[in-house]
Amino acid sequence: MQDILVKDIANHLGTEVRLKGWVRNIRHSGKLLFIIFRDGSAEVQAVAFKPELGEEIFEGAKRLTLESSLIITGIPKEHQKKAGEYELAVTGIQIVQIADEYPISKKEHGPDFLLSNRHLWIRSPKQWAILRIRHTVYFAICEYLNDNNFFRFDSPILTPNACEGTTTLFELEYFDEGMAYLSQSGQLYLETGIMSLGRVYDFGPVFRAERSKTRKHLTEFWMMDAEAAYVEHEENMDIQEGLIRHVIRKVLATCDKELDILERDKELLKAADAPFKRMTHFEAIEYLRSQGSEIDHDSDLGATDEVLLTEGSAVPVFIEKWPKNIKAFYMRRAPEDENLVLGSDLIAPEGFGEIIGGSERETDYEALLARMKEEKMDLDAYQWFLDLRKYGSVPHSGFGIGLERLVTWMSGTHHIRETIPFPRMIYRIYP
RNA sequence: UCCGGAAUAGCUCAGCGGUAGAGCGGGUGGCUGUUAACCACUAGGUCGGGGGUUCGAAUCCCUCUUCCGGAGCCA
């Protein structure tokens, strides 16, 4: 007998097969018993009829509890009540383990309880769907970059110094070398990679010790940083746009069922796959002020500003050319105004907020040095970074995507904590 | 860190000064097509901790703890 996955059940109608998985739900009414069976790939209703199955197997099956593990044999056939779906006529059941009373019931639960039971919660249909979309988004990003001549270049997670600022780092003792820090971005290391490989990206966990407490923040999240030699500001945004649109198309093409489970509005995703809007920070502030905001031209955008800027827009919006004093030291000054830098933030529609931060980088040694002095950075610690501007400096640009932010948008999830298997937040380190 | 809110059965919640409740989940029984199945019975509580007011506190007051939502910071 052939072992198959539930997702392939339509290819085996009428022939006995074997499936290995778990009980999602079980119902019985005298001589008839229904098991909602899942195996990771999909779910199917298995139907057991006592007169056909025999007393012993049937009574054994009635002992099954929620999330019990079992190996089931049966004959796939069309669902008697739902057109276009399939069910399994059970011929045999091998119980692997009878599960204890399962903590996650079929009714509603609060977030604290679910997060404390995250190791079990991930089995629930919506979490299953989100994790599969995460997988799809992750590989879609890599696929686009690989197809556009980027090479994977993993930056270190343990670092001797801050990338930007020093207030947001987790620190630890590093043997006899003093303090080391968990990386909050691989970007500076990535800039070294382009001089070797031309275009590079990293993808891994980064850490921010900020005491953030919102639905958009995690203390540990996965970031993809990309960096490309001889790419300037405009092309940098073109690459970002191409990448995001590739991800949208990939998710729509391969995660149809997952999006249905999550009740995600697919039309909104389809509409976002069109040319992105671009506006300067100056234009954004002017617009916000015209809408009644009292924000001034030297300010960063707040959460409500981001929502306002994308309201009514089907596509993401780039905000570019920022005042230099509210952006990072390494961004290149705009040629037309030395108080502006060639940075861009990409804001997702539907209120999902910033998903990418990017910029063209400063290439001039003296200009970079001056900015680092202004920021009172430890120049000795960054000599390697300054060296890049001495040995074959070229125009270059890069950007960073927060994987979970992108998954939150794609899946239409309310809170970012559901888009990573084990979220790390200010008040949450278990499980 | 700041501003709000919450804590009552395993879970989700109601009760808001006068004998501790419901639904789900658990247990027992019933049912040949169930869809968060249904029906009957049943077990299950230091009302977050401490202090106070009161004849009487889950309920009012103070305090602590924990968590949730939002802001700032950012992806």
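Each chain gets a letter, A, B and so on, in the order its sequence line appears, and its residues count up from 1.
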What interatomic distance, in whole Å, is found between [atom1] of [M] and the corresponding atom of [N]?
N      : M      : atom1 : result
A20(B) : C13(B) : C1'   : 14 Å
G21(B) : G15(B) : C1'   : 7 Å
U12(B) : A7(B)  : P     : 12 Å
U59(B) : A43(B) : P     : 28 Å
U19(B) : A58(B) : C1'   : 14 Å
C11(B) : G26(B) : P     : 15 Å
C60(B) : U53(B) : C1'   : 8 Å
C39(B) : C3(B)  : P     : 49 Å

Indicate whether OP1 or OP2 belonging to G69(B) is found under 4.0 Å from a side-chain N or O atom of Arg215(A).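 It does not, given that no N or O in the side chain of Arg215(A) lies less than 4.0 Å from OP1 or OP2 of G69(B).
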
Is there a side-chain contact between Arg208(A) and the phosphate of C74(B), meaning an N or O under 4.0 Å from OP1 or OP2?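 Negative; the distance criterion is not met.
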
Atom pair distance, as rounded to whole Å: NZ in Lys213(A) and P in C2(B):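 About 13 Å, once rounded to whole Å.
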
Can you tell me how far P of G33(B) sits from CD of Glu87(A), to the nearest Å? 13 Å

Are [X] and [Y] ion-paired here, with the side-chain N under 4.0 Å from a carboxylate O?
X         : Y         : result
Arg371(A) : Glu362(A) : no
Arg278(A) : Asp238(A) : yes
Glu350(A) : Arg264(A) : yes

Verify stack between Tyr102(A) ring and G25(B) base, 5.5 Å, 30 degrees: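 Check failed, Tyr102(A) does not stack on base of G25(B).
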
If you draw a 6.0 Å radius around NZ in Lys50(A), do more than 12 non-hydrogen atoms from other residues or ligands fall strictly inside? yes

Has Lys266(A) got more than 12 heavy atoms of other residues, nucleotides or ligands less than 6.0 Å from its NZ? yes

Nearest to side-chain heavy atoms of [X], which nucleotide of [options]:
X         : options                : value
Glu306(A) : A75(B), G33(B), C74(B) : C74(B)
Arg417(A) : C73(B), C68(B), G72(B) : C68(B)
His109(A) : U12(B), C74(B), U34(B) : U12(B)
His79(A)  : U34(B), A75(B), U32(B) : U34(B)
Arg211(A) : U32(B), C73(B), U1(B)  : U1(B)
His414(A) : U34(B), C31(B), G70(B) : G70(B)

Pick base, sugar-phosphate or nothing for [X], based on heavy-atom distances below 4.0 Å to the nucleic acid.
X         : answer
Glu354(A) : sugar-phosphate
Arg24(A)  : nothing
Phe113(A) : sugar-phosphate
Asp345(A) : nothing
Tyr427(A) : sugar-phosphate
Glu52(A)  : nothing
Ile356(A) : sugar-phosphate
His415(A) : sugar-phosphate
Gly353(A) : nothing
Lys50(A)  : nothing
Ile355(A) : sugar-phosphate
Glu404(A) : nothing

Please round to the nearest 0.5 Å and tell me the distance separating atom OH of Tyr189(A) and atom CZ of Phe385(A).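 Rounded to the nearest 0.5 Å, the OH-CZ separation comes out at 11.0 Å.
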
Under the criterion side-chain contact (heavy atoms from CB on, under 4.5 Å), which of Glu232(A), Glu360(A), Glu320(A) is the partner of Met237(A)? Glu320(A)

Residue matched to [N] through Watson-Crick or wobble contacts both under 3.5 angstrom:
N      : answer
C38(B) : G30(B)
C73(B) : none
A6(B)  : U66(B)
G23(B) : C11(B)

Taking the nucleotide of RNA chain B with the nearest heavy atom to each, does Lys77(A) or Ile426(A) sit closer to the 5' end?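 On the 5' side of the pair lies Ile426(A).
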
Whichever of Thr219(A) and Pro103(A) has its nearest RNA chain B nucleotide further upstream toward 5': Pro103(A)

Base [N] to side chain [X], donor-acceptor N/O within 3.5 Å cut-off:
X         : N      : value
Ser212(A) : C74(B) : no
Glu101(A) : G26(B) : no
Arg405(A) : C74(B) : yes

Mind running side-chain contact (heavy atoms from CB on, under 4.5 Å) on Leu340(A) and Thr280(A) for me, showing each step along the way? CA-CA 10 Å; Leu340(A) 298 180; Thr280(A) 64; over 6 Å; no

